[in-house]
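The structure presented is a predicted model; accordingly, all values stated were derived computationally and were not measured.
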Amino acid sequence: MTLLQSSTVNSTSLSPTPIPWTQDATIDGQISDYHKVMSTNLDGTFFCACAAGEVWRRQAKEGTDSNGNELRDYSYGSFVATTSMSGHIVNIPQLQAAYNAAKAGLISVTGKSLAVEWVQFARCNSISHGYMATEISDFIPQETKDIWKSKIPMGPEGEAQELKEAFPYLASDASPYTIGTDIVVDGGYCLP
C-alpha cells in the first residue's frame, strides 16, 4: 500500500495529525483555538481528500497514471480518514465540543458524503478510534484518564497497533464493496 502513487491499484491517503481541544469549557475558550482544532481536524483532512480525489477521478477517466502510463487492473482509489469515537459521543468528563464537532463532521464528509459523490472512482471510509495511549492525551490529568478507563468495557486505553488491521482492510481490495463505513475501534466505549 502506498500513499497517492497514481500507478497503484488502490491508493490510500491518511489524515493530518489531529490536535485536541486543550481549553476548558468551549464558552470560555479562545476562538483562535476553535479555528485551530477545526482547521486541522476537519479542514485539513477534507483538503487532503479533495487532492487525492482529483487524482483518482483523472485516473478512472483516462486510465493512466500521472506519467501517462496505462493503468492495468485499476479499480478505485481508496480514502480512509482517521476520525474518533468523539464524533459519535459526548466525551466526559473533559469538555471538548469543538473536537467532537470536527470529528463528527469528518465522519459525515469523508466517511459518508464523499463516498456517494466519488462512487465512480474512489471508495471513502473512516475509522473512529477510542481512547488511545498516545501523546495526544499527555496533557490530560491521570484522574480524568482513570474515568475514561472505568468506562471502557475492554479495559484500559487502546494501543495504536490495535488499529493497524482496520486501515489495510478498508484501503485494499479486501473491501471492494465497502463505502461510507465508519469502523469504531474503541474497546466498547460507545456501546453502553
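A heavy-atom distance below 4.5 Å is not found between the side chains of Asp186 and Ser128.
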Go through Asn100 and Asn91 one step at a time and tell me if the side chain to side chain contact (heavy atoms under 4.5 Å, CB included) criterion holds. CA-CA 8 Å; Asn100 294 358; Asn91 304 75; 2.9 Å; yes

Apply the test side chain to side chain contact (heavy atoms under 4.5 Å, CB included) to residues Tyr74 and Phe121: give CA-CA distance (whole Å), side-chain angles for both, the deciding distance (0.1 Å), then the verdict. CA-CA 10 Å; Tyr74 180 80; Phe121 57 86; 5.6 Å; no

What donor-acceptor contacts under 3.5 angstrom involve side-chain atoms of residues 106-113, with partners at least two apart or in another chain?
unit_1, atom_1, unit_2, atom_2, d
Thr110, OG1, Leu106, O, 2.7
Lys112, NZ, Gly180, O, 2.9
Ser113, OG, Ser108, O, 3.1

Name the atoms and distances for all side-chain donor-acceptor pairs under 3.5 Å in residues 151-169, with sequence neighbours left out.
unit_1, atom_1, unit_2, atom_2, d
Glu162, OE1, Glu159, N, 2.5
Tyr169, OH, Thr178, OG1, 3.4

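One distance of note links CG of Asn125 with OG of Ser175; it measures 6.5 Å at 0.5 Å rounding. Atom OG1 of residue Thr26 and atom CD of residue Gln96 lie 9.0 Å apart, to the nearest 0.5 angstrom.
Here the side chain of Asn41 pairs a donor or acceptor atom with the backbone of Val37 at under 3.5 angstrom. No side-chain donor-acceptor contact under 3.5 Å links Arg57 to the backbone of Gln120.
Under the salt bridge (Lys or Arg N to Asp or Glu O under 4.0 Å) criterion, Glu62 pairs with Arg58, not counting sequence neighbours.
Relative ring orientation between Tyr131 and Trp148 is described as parallel, the plane-to-plane angle staying below 30° on a 0-90° scale split at 30° and 60°.
A side-chain N or O of Asp182 and one of His88 form a donor-acceptor pair less than 3.5 Å apart.
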